[in-house]
Amino acid sequence: MNDAMPIGTDLLVLAGHTAAGKPTLAAHLAKVLGGEIISADSRQVYRGMDLGTGKDLVDYRIGDFTVPYHLIDILPAGQRYSLYDFQRDFQTVYQDIHSRGKLPLLCGGTGLYTESVLKGYFLPDAPVDPEFRLSLAKQSDGELTELLKSMVPLHNQSDTTDRERLLRALEIARNAPFREHPVASVFPMKAQVFILFFDAESRRKRITERLSQRLESGMIEEVQALLKTVKPEDLMYYGLEYKYLTLYCIGKISYEEMFNSLNTAIHQFAKRQMTWFRGMERRGIPVHWIPGELPLNEKLDLILTS
RNA sequence: GGUACCAUAGCUCAGUUGGUAGAGCAACGGACUGAAAAUCCGUGAGUCCGUGGUUCAAAUCCACGUGGUACCA
């Protein structure tokens, strides 16, 4: 491990909004520090979802050196992946990297995933339980919501928007009290957190330009190929690019509508990411902010001397 | 050139018989523990095209001007 990082740092985190240039910076950091990248991206886990997720694997190649990366391309498109899966996979990979004497570098734009690691969220194992679900079958959504409220504090509305989520939330809630700590937890670790960002105006400009580029580079063809094996509704479930490009591919919206709506949706997403990262800092996680306009070597210096 | 219609928030438009304005979208801020690229909450903003006139009072009625749209020559 490199002496530039403070003694005891066992995880380096690089977060930031979409289109901020995380992969390039992460790759150079990993090369300099002898590190390996762990992706914190809820969509790049899927194979075949590349342009749409901004999966720029070429950025992980610097000259003839390829930075090792993890939690990318681990599932076929169409499957489900969740916070729980991520946290479990992260722990496995993290320990593996450490056992080989390398520095893990968590890099990605999914704020919830990143924070679940930094805060060491306690996520008990909660398998789907058909018997338990059957026992709730006669109760209304309203009754189930009340039941859930009596078991755990509600985080927001999202657990109660539909029955499927309600049942799942109840299943999880009833497992929570029985386990004090997750088994073989790697938390808490000593992490250094860096967030790469641009001001709102250039952020939007970069997103729009990148969208045009990706459309020209075959993003539509990527979605068409995915639609051969994945149902439209399952692909749209992934949101953003996959939602709007699917709607375009199945003829529900025009090209212009697709471009404009998607562009706006990505802008809004990037804004939400920034809200999350600011909140993360407010919630007590020390953050170093890295302005995106800086040249690469200055960004590296800034991080390596922090 | 003539006739008709239109001109209100960044955009698309509402605005009853005259009482100094409002929705949706966008923008901005926030929340967030098993879908998180999801889901949800909140906020601001307008010389109501211009100038005159009628009136206690005009986005609203009248005249003229400007710009746009459609049709007729």
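None of these values were measured; they are calculated from a predicted model. Below, chain A is the first sequence line, B the second, and so on; all start at residue 1.
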**Nearest-neighbour nucleotide for the A:H267 side chain, B:rA37, B:rC28, B:rA27 considered** = B:rA27

**Complete:** A:Y81 atom OH is separated from B:rA38 atom C1', nearest whole Å, by 17 Å

**Complete:** Out of B:rA26, B:rA36, B:rA38, minimum distance to the side chain of A:T264 belongs to B:rA26

**Message:** If you count every heavy atom of other residues, nucleotides or ligands that lies below 6.0 Å from A:E233 atom CD, does the total exceed 12?
**Reply:** yes

**Request:** For A:Y237, answer base if it contacts any base atom (sugar-phosphate contacts may also be present), sugar-phosphate if it contacts only those atoms, and nothing otherwise; contact means non-hydrogen atoms under 4.0 Å.
**Result:** base

**Gap in Å between the two P atoms, one belonging to B:rU16 and one to B:rU54, rounded** = 24 Å

**Request:** Using a cut-off of strictly less than 4.0 Å, decide whether A:S82 has a side-chain nitrogen or oxygen near OP1 or OP2 of B:rA35.
**Result:** no

**Prompt:** Across the strands shown, which category fits A:D41 at heavy-atom distances under 4.0 angstrom: base, sugar-phosphate, nothing?
**Reply:** base

**Asked** In the structure shown, which nucleotide is the Watson-Crick or G-U wobble counterpart of B:rC13, with both distances under 3.5 Å?
**Response** B:rG22

**Complementary nucleotide of B:rA45, counting Watson-Crick and G-U pairs under 3.5 Å** = none

**Asked** Are any of A:R272's side-chain N or O atoms less than 4.0 Å away from OP1 or OP2 of B:rA36?
**Response** no

**Message:** Distance check, C1' atoms only: B:rG46 and B:rA38, in whole angstrom units.
**Reply:** 35 Å

**Message:** Say we look at B:rG68 and B:rA26: how far apart would their C1' atoms be, to the nearest angstrom?
**Reply:** 24 Å

**Prompt:** When you match A:G279 and A:G109 each to their closest nucleotide on RNA chain B, which lands nearer the 5' end?
**Reply:** A:G279

**Asked** In Watson-Crick or G-U wobble terms, both distances under 3.5 Å, what is the partner of B:rC40?
**Response** B:rG30

**Request:** Compute whether any side-chain donor of one residue and acceptor of the other, for A:D85 and A:S82, lie under 3.5 angstrom apart.
**Result:** yes

**Request:** Would you mind reading off the distance between A:M219 atom CE and B:rA37 atom P, rounded to a whole angstrom?
**Result:** 17 Å

**Message:** Whole angstroms only, please: what is the OH-P distance between A:Y238 and B:rA36?
**Reply:** 9 Å

**Message:** Take a 6.0 Å sphere around CD of A:E201 and say whether it holds more than 12 heavy atoms from other residues, nucleotides or ligands.
**Reply:** no

**Message:** Need one value for A:R43: base, sugar-phosphate or nothing, where a base atom within 4.0 Å counts as base even if backbone is also close, heavy atoms only.
**Reply:** base

**Request:** Remember a base hit wins even if backbone is also touched, and classify A:G52 as base, sugar-phosphate or nothing at under 4.0 Å, heavy atoms.
**Result:** base

**Item:** Rounded P spacing from B:rG1 to B:rA57 in Å
**Value:** 38 Å

**Item:** Greater than 12 external heavy atoms within 6.0 Å of A:K243's NZ
**Value:** no

**Prompt:** Below 4.0 angstrom, N of the basic side chain to O of the carboxylate: do A:R133 and A:D129 qualify?
**Reply:** no

**Request:** Check every atom of B:rC28, B:rC32, B:rA38 against the side chain of A:R204 and return the nucleotide holding the closest atom.
**Result:** B:rC28

**Request:** State whether A:R278 places a side-chain N or O below 4.0 Å from either non-bridging phosphate oxygen (OP1 or OP2) of B:rA31.
**Result:** no

**Request:** Is it possible for you to check whether A:R278 lies under 6.0 Å from the centre of the six-membered ring of A:F197, through NZ or CZ, and within 45° of that ring's axis?
**Result:** no

**Item:** B:rA37 OP1/OP2 closer than 4.0 Å to side-chain N/O of A:Y242
**Value:** no

**Request:** Choose from B:rA36, B:rA37, B:rC28 the nucleotide whose nearest atom is closest to any side-chain atom of A:W276.
**Result:** B:rA36

**Asked** Using purine N1 to pyrimidine N3 plus N6-O4 or O6-N4 for Watson-Crick, or N1-O2 and O6-N3 for G-U wobble, each under 3.5 Å, what pairs with B:rA35?
**Response** none

**Asked** Which value, in whole Å, describes the distance between the C1' atoms of nucleotides B:rC41 and B:rU51?
**Response** 46 Å

**For B:rU60, the Watson-Crick or wobble partner whose two distances fall under 3.5 Å** = none

**Message:** Under a 3.5 Å cut-off for both contacts, is B:rU69 paired Watson-Crick or G-U wobble with anything, and if yes, with which nucleotide?
**Reply:** B:rA4

**Item:** Interatomic distance at P, B:rA14 relative to B:rC5, whole Å
**Value:** 16 Å

**Message:** If I take atom CZ in residue A:F259 and atom P in nucleotide B:rA26, what distance separates them, rounded to the nearest angstrom?
**Reply:** 16 Å

**Message:** What's the gap between B:rA23 and B:rG15 when it is taken at their C1' atoms, as a whole Å value?
**Reply:** 11 Å

**Request:** Mind calculating the distance between CG (A:L83) and C1' (B:rA38) to the nearest angstrom?
**Result:** 13 Å

**Asked** Where does the angle between the aromatic ring planes of A:F194 and A:H288 fall among parallel (under 30°), tilted (30 to 60°) and perpendicular (over 60°)?
**Response** parallel

**Item:** Side-chain N or O of A:T53 closer than 4.0 Å to phosphate OP1/OP2 of B:rA37
**Value:** no

**Request:** Give A:K271 one of three labels, base, sugar-phosphate or nothing, depending on what nucleic acid heavy atoms sit under 4.0 Å from its own.
**Result:** base

**Message:** Distance check needed: B:rA26 C1' versus A:N263 CG, whole Å only.
**Reply:** 12 Å

**Asked** Counting side-chain heavy atoms from CB outward, which of B:rA37, B:rG30, B:rA27 is closest to A:T275?
**Response** B:rG30

**Message:** Between C1' on B:rA27 and CD on A:Q268, what's the gap in Å once rounded to a whole number?
**Reply:** 9 Å

**Nearest-angstrom distance from the residue atom CZ of A:R283 to P of B:rA31** = 6 Å

**Request:** Classify the ring geometry between A:Y248 and A:Y255 as parallel (under 30°), tilted (30 to 60°) or perpendicular (over 60°).
**Result:** perpendicular

**Request:** Determine the Euclidean distance between corresponding P atoms of B:rA37 and B:rG19; express it in Å to zero decimal places.
**Result:** 49 Å

